[in-house]
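One structure below.
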2 protein chains.
Amino acid sequence: MATIYQVSELAGVSLATVSRVMNGGTRVSEKTREKVNKAMETLNYRPSSIARSLASNCSNSVGILVSELHGPIYGAMMSGIEKQLRTAGKHVIIAAGHSDAASEKDGIEFLIARNCDALILHVEAVSDEYLIELATTQHKFILINRYIPQIADNCISLNNRRGGYLATKALLENGHRDIAYISGPLWKMDASDRYLGHQEALAEHGIICNDALLSEGNFQEEGGNECMLALLETKIPFSAVVCANDEMAAGAMQAARDKGMAVPNDISVMGFDNVLLAQYMYPKLSTVNYPVQDMGKMAASWILKNIYQANQPDVSHVFEPELVWRDSVISLKR
Amino acid sequence: MATIYQVSELAGVSLATVSRVMNGGTRVSEKTREKVNKAMETLNYRPSSIARSLASNCSNSVGILVSELHGPIYGAMMSGIEKQLRTAGKHVIIAAGHSDAASEKDGIEFLIARNCDALILHVEAVSDEYLIELATTQHKFILINRYIPQIADNCISLNNRRGGYLATKALLENGHRDIAYISGPLWKMDASDRYLGHQEALAEHGIICNDALLSEGNFQEEGGNECMLALLETKIPFSAVVCANDEMAAGAMQAARDKGMAVPNDISVMGFDNVLLAQYMYPKLSTVNYPVQDMGKMAASWILKNIYQANQPDVSHVFEPELVWRDSVISLKR
DNA sequence: AACATTAATGTAAGCGCTTTCATTTGGTTT
DNA sequence: AAACCAAATGAAAGCGCTTACATTAATGTT
């Protein structure tokens, strides 16, 4: 592996000059620039990003922490981030946090120890305090899908409450009155916000929210399945169920069918997230769009702008969800 | 940010000693070890992984190139890799190759320029020659889901042919005789291997493979949809269709239903990959399991063993697929 | 007690770059 | 032709570590 020194030697110039032509900026005569470029070429020179980082105190890497590397939401998010960062020549170091406070902290430590210039965090378990503290100390980071007022500038979030509201409102407007709700773990902000939105829509239509029609799942398929079964068990009638994410909706649909009910004729189901899976399902799932890929891009833009001083458009910090109407919901209005 | 120098000063020892206690290995008296540890603690010292890399000529990072960061297969794969590597303190740098030769090469270059100690590559478009060349020059890498005889040791692959064979065989054994095939892009090795397996099973049962019953898709949902429509268009009767992956199976199912056919009663459909989605679908998809997460882990093990001299079990290079029987296939035997 | 061994620690030279500051070069100006 | 100035280039000091080698301290041997 050729070093900058060998290049300088071959080109008959000093290290500094080689460094200059690499980094574009400073003025170098066209003649020497060519000499150097040729030397690099013949030596097949590749600058060591590590040496460069050490000398310049900038690693050109950003760390990403997501709950799981698999899972449609995270995939889309990472995809958005990578695309954006890669074209800027930055690289992406990833770690998983597993929705567990210890593991998340661990991941953050890991990324920091790796000298990332900035972090993009999708954390759920770690406390607000911890993050506020983290922000006041050294480290630069941006939070996705979480809103903490004290560090609002570091947050890119979805208006989850409005999403929950939209989902339930759509049902109400189509004549449903008895609506069950399958939630995610309510200690997770997004889950509780979505539920709040649901209640809001209900209230707006003068319906008293029946706690017996709420079932708390785990954001996963079996969770949805179990919750649906539990809901059916109550014998309280309901014509529709809104699920706090698409995976649980899939589980719920399955449970309903196992009990001999047809979707959407016997029961309507509404999802949340609009993952790819939602259109694959049968019937195609009505859901609420969570533009997570765009949010990932936005997070990357924020970093490019705030950490690397790149010229980027202003970033928007709160994204709005949108209803996606498909086949899993039936209208009760004749 | 404290440096090793400050630690050494506080502890009243030399740089070298601090370095020694950090790296465990060499003998240091218990007393000084404690002094140093305490000093690190009070200074909240975090070694710079960059300086360390430069000095030791080892970046402790491995690059991963996948076609897309989203997509269930890649998610599972990365998940397996990260888990394994993270516990070993290595970090994971990711990039996307987009199934395009130029973009894949670009990604590889990118990762190499980042001083990764090794690469894990899931590439499809780049040529065998390029990879063989890459192996003979400097760089250490392992290939997932691809088998190249000349560099077999660098390959971890699925026996795709056997997978295709199993899928079709299952159908045949259940009385199906007229079986259509929706393939992935046949220039992709895995796609053509799977199809070969299909033909093999057919031949074994004395059935002549009808080319008109082959339709080449793009491994994506709409591809499956379109192919199914095309197949139906031919008016050639068939009782089952095997799809080269689960996404296309979803699309095919949808197309069939759009044409008024019931799955599996009017037509059986078989998938491939056994992604999470397969069990969410309705009816639950019969498919062939592709243990990609295990393969990711295995790739990581290989790297730990061969690049970092860690003590790891032997790696297996060829994985075997398994049939997963679910509800989307019906038996024609009385 | 004198010496040989071995363990513990220190010294200092890099690793491959960036960057500040000094020096050289070549073109203008008078 | 002397003086000047900006542009181009070079010299050298780090960046924060690792590590080969040298030195010192501790222990054992006779």
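All chains are named by letter (A, B, ...) in the order of the sequence lines, taking the proteins before the strands, and each is independently numbered beginning at 1. Hydrogens, waters and symmetry mates play no part in the numbers below; they use all other heavy atoms, side chains included. Bear in mind the structure is a predicted one, so any value in this text is a computation, not a measurement.
To the nearest 0.5 Å, atom OG1 of residue A/Thr3 and atom CD of residue A/Glu9 are 8.5 Å apart. Remark: A/Arg20 CZ to A/Ser14 OG distance equals 6.0 Å, nearest 0.5 Å.
Residue A/Val13 is classed as a sugar-phosphate contact, given heavy-atom separations below 4.0 Å to backbone atoms only. Here A/Ser53 lies out of heavy-atom contact (under 4.0 Å) with every strand. Here B/Ser19 lies in heavy-atom contact (under 4.0 Å) with a base.
Looking only at atom types and distance, the side chain of A/His70 has a donor-acceptor partner in the side chain of B/Ser79 under 3.5 Å away. Between the side chains of B/Asp117 and B/Asn60, no donor-acceptor pair is found at a separation under 3.5 Å. Using a 3.5 Å distance cut-off with no hydrogens or angles, the side chains of B/Asn145 and B/Ser157 do not pair a donor with an acceptor.
Taking the side chain to side chain contact (heavy atoms under 4.5 Å, CB included) definition, one finds that B/Asp106 meets it with A/Arg86, sequence neighbours left out.
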Produce a footprint string for nucleotides 20-27 of chain C: one letter per nucleotide, 5' end first; B if the base is under 4.0 Å from any protein heavy atom, S if only the sugar-phosphate is, - if neither.
B-------
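In this structure, A/Glu30 places its CD atom 13 Å from C1' of D/dA8, rounding to the nearest Å. In this structure, CD of B/Gln6 is placed 14 Å from C1' of D/dC17, rounded to the nearest angstrom.
Considering all non-hydrogen atoms of both residues, B/Cys155 and B/Ile151 come closest at SG-O, 3.4 Å.
Checking the phosphate oxygens (OP1, OP2) of C/dT11, no side-chain nitrogen or oxygen of B/Ser14 falls inside 4.0 Å.
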Please write out each protein N/O paired with an N/O of nucleotides 13-16 of chain C under 3.5 Å, distance rounded to 0.1 Å.
from	atom 1	to	atom 2	distance (Å)
C/dC15	O2	B/Ala55	N	3.4
C/dG16	N2	A/Ala51	O	3.4

Should A/Lys305 and A/Asp314 be marked as a salt bridge (Lys or Arg N to Asp or Glu O under 4.0 Å) after you check the CA-CA gap, both sets of side-chain angles, and the distance that decides it?
CA-CA 9 Å; A/Lys305 183 170 187 158; A/Asp314 280 341; 2.6 Å; yes
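Here side-chain hydrogen bond (donor to acceptor under 3.5 Å, both in side chains) pairs that include residues 146-155 of chain B, with residues two or more places apart or in two chains, are B/Asp128-B/Arg146.
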Could you tabulate the donor-acceptor pairs under 3.5 Å formed by side-chain atoms of residues 71-78 of chain B, not counting sequence neighbours?
from	atom 1	to	atom 2	distance (Å)
B/Tyr74	OH	B/Ser67	OG	3.4

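For the helix from C/dA1-D/dT30 to C/dT30-D/dA1, the angle separating the two terminal helix axes comes to 40°, with each axis derived from five pairs and the value rounded to 10°.
Using a 4.5 Å cut-off on side-chain heavy atoms (C-beta onward), B/Arg52 and B/Met22 make contact.
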